[in-house]
Amino acid sequence: MRLLIFLSLLLYLSDAAPQLSKKHLSKMVRDLRNTKEPVTCTGCEAVALPLAYFAKLTPTEGVILWFAKMICSINQPMEVCDGITQQFRDEFFYVFRRLANEPSKICAALIPGCVDPYDPDGEGWTVALPPRPLSLPSPPPPSPSSSIVPPNVLKVLQITDIHIDFHYLPGSEAECRDPVCCRGKGSAERSNPSVAAGFWGTIGKCDIPYRTMDNMLRHISQTEKVDYIMVGGDIIDHYDWQYSREGTLEVLRNVSSLFKSNFPATPIYWALGNHEGVPVNSFAPHSVNEEFWPVELYDELSEMNKPWIKEDGGNSTRFRGSWSTLVTDRLRLISINTGFCINTNFFLYLNQSDPDGTMTWFVEELKKAELAGENVHILAHIPPGYYDCLEGWSRNYYRVIQRFSSIITGQFFGHVHFDYFTMFYEDMNDISSEPIGVAYVSPSASTFDYLNPGYRIYTVDAENTFRIIEHDNYFADLSIADENTEPEWKFLYSARQEYNMTDLSPKSWNTVVDNIFNNATLTDRFFQFAYRTPSPRCDAACRHYQLCLLRSGHHNDALYCPSNSLDTNRVQ
């Protein structure tokens with residue numbers, strides 16, 4: 001629908017630009033609402049070229065933005081539409097005008113079927129991988145049994161997707177028309193909400209208040225002894241049409257201080273999420289104009305990680321929002337900025353090929369770790385293979401995991417808010433090949449949307465390869481918390497116990513996937529754990545897609561989706 005309206009606008013502008021009026025465009029919106037005709041790549045390119053010409057003319061900017069707001073307002077309040085169009089104005093016109101003579105790239109950005117998989121500046125880019133060394137430092141001897149927890153372990157807390165709303169208002173409307181609720185904009189909403197926002201948060205399309213995050217951290221600090229903390233990004237709320245650079249930095253400083261006050265002596269490692277970008281999802285590489293570079297954000301990330309990151313891989317934080325450091329002897333933690341993989345970072349459509357050399361830098365850090373006899377854990381935000389991560393990035397990340405699978409013993413992501421994991425195989429297009437890795441996608445601290453907040457603690461073997469021995473998951477049921485009753489943070493499940501695993505090796509997780517696909521009871525429990533609610537709001541199509549993700553380390557749904565799963569005919 002959005003694409004058809006956009007293409008119709010292109011055609012309209014090319015034929016009738018001198019006569020443009022709000023009356024004409026309003027009629028177009030009404031006429032196009034029920035249109036369902038498919039758009040071909042040829043048709044797209046035919047209208048993209050003339051529009052690009054008119055987009056070069058500064059006087060047309062206001063008309064194009066006005067039309068974009070009209071289309072947006074079909075489904076969203078005008079306040080949201082006005083904010084979003086203003087947020088992306090400069091970025092959109094900067095990118096679009098530079099693609100003016102390449103209509104095929106414009107259409108590839110709009111229509112997945114128009115993507116050229118061999119374009120070296122697009123999806124077809126390839127990062128160079130070094131050959132495997134002939135000899136490596138000898139690893140320490142393994143524990144007598146991989147199913148027995150060794151005496152020397154690390155406890156690692158992962159918290160991700162916090163999305164604190166500093167304007168959260170208890171009692172406000174929790175089922176509003178806006179993309180996010182629980183602020184109570186008008187007096188009518190505050191006095192007579194259809195669903196009232198809870199004191200500690202709401203299982204709905206709302207972010208969490210500051211007090212809930214403080215309560216969670218206080219509880220963990222009083223009940224757990226963790227060796228270090230990984231924060232997986234997306235600290236900022238979902239009101240992305242109101243973002244500003246100054247506001248984002250203020251929130252990051254506030255939340256960083258909150259963590260430090262609860263864990264004053266515990267190392268805390270921060271990764272970037274897509275909602276740290278301003279505009280949202282925007283991470284400009286150094287190949288574009290300097291005015292778009294997120295310099296202040298990267299500087300703040302560097303400050304947040306002090307004093308724990310001591311080397312930083314050549315000051316990589318301040319250059320590309322990625323970093324590398326030893327967290328303990330023989331264990332390196334590397335964080336990569338997945339803002340360079342999200343498909344709504346429009347700058348990437350100018351050139352997707354290894355933005356700011358991030359994937360090349362990642363390979364170099366892994367190569368140094370390999371030669372030094374280190375094992376590596378990876379902390380990032382957007383999982384490869386998820387729908388909004390570009391295939392060029394996903395495929396290259398997968399290739400890197402294949403090459404360095406002998407030293408990468410932990411991968412930790414967030415972004416999705418529900419809890420799942422993704423398998424990696426020796427052959428990325430053959431799930432019958434050897435399983436070589438697992439990416440853990442952790443539960444969100446946010447309730448957005450229709451979730452209970454959660455966190456995860458990993459048990460890591462600190463004697464041998466720093467493999468993951470266990471992960472324990474915790475949550476709070478906010479439906480039973482109120483102004484007089486604090487949230488009760490409770491144990492939800494542990495992986496080995498729930499899935500009857502002897503270890504958390506890739507081979508064992510691969511068996512778990514088969515069991516989830518084919519056991520109706522286990523399928524239901526998987527979704528209850530994923531959403532931290534007894535009745536997940538996830539219909540048949542949602543359930544099917546989320547099961548696909550268990551083997552989708554890159555975009556190959558036809559191969560990785562379950563062919564005979566028990567989930568798709570049961571709507572929750």
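Sequential numbering from 1 along the given sequence is applied to the chain's residues.
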| Any side-chain heavy-atom pair of Ile468 and His377 under 4.5 Å | yes

| task | Evaluate the side-chain proximity of Val278 to Leu297: yes if any heavy-atom separation is below 4.5 Å, no if none is. | result | no

| field | Exercise: do Arg467 and Asn375 side chains pair donor with acceptor under 3.5 Å | value | no

For [X], which residues count as a ring-ring contact (aromatic ring centres under 6.0 Å, His included) partner, sequence neighbours excluded?
{"X": "Phe466", "result": "none"}
{"X": "Trp270", "result": "Phe259"}
{"X": "Tyr239", "result": "Trp241"}
{"X": "Phe347", "result": "Phe292"}

Taking [X] first and then [Y], would you say they form a salt bridge - that is, a charged N and a carboxylate O separated by under 4.0 Å?
{"X": "Arg456", "Y": "Asp419", "answer": "yes"}
{"X": "Glu364", "Y": "Lys367", "answer": "no"}
{"X": "Glu250", "Y": "Arg253", "answer": "no"}
{"X": "Glu300", "Y": "Arg245", "answer": "no"}

| Step by step, would you call Tyr450 with Tyr531 a ring-ring contact (aromatic ring centres under 6.0 Å, His included)? | CA-CA 8 Å; Tyr450 299 96; Tyr531 287 80; 9.7 Å; no

| query | Does any pair with a residue in residues 214-278 pass disulfide (SG to SG under 2.5 Å), and if so which ones, sequence neighbours excluded? | reply | none

| Contact list for residues 351-426, test disulfide (SG to SG under 2.5 Å), sequence neighbours left out | Cys341-Cys389

| task | List the atom of Leu301, the atom of Gly321, and the distance in Å for their closest heavy-atom pair. | result | CD2-O, 3.9 Å

Restricting to side chain to side chain contact (heavy atoms under 4.5 Å, CB included), what partner residues turn up for [X], sequence neighbours left out?
{"X": "Glu374", "result": "Leu326, Arg332, Ala369, Ala372"}
{"X": "Asp299", "result": "Val295, Arg318"}
{"X": "Asp329", "result": "none"}
{"X": "Ser261", "result": "Leu258"}

| Does His238 have its ring centroid less than 6.0 Å away from the ring centroid of Phe448? | yes

| Are Tyr386 and Phe413 close enough that their ring centers fall under 6.0 Å? | no

| request: Just jot down the side-chain hydrogen bond (donor to acceptor under 3.5 Å, both in side chains) partners of Arg218, sequence neighbours excluded, or say none. | output: none

| Results of side-chain hydrogen bond (donor to acceptor under 3.5 Å, both in side chains) for Tyr298 - residues two or more places apart only | Asn337

| query | Knowing that exactly one of Asp240, Asn281, Thr344 qualifies, which makes a side chain to side chain donor-acceptor pair (under 3.5 Å) with Asn274? | reply | Asn281

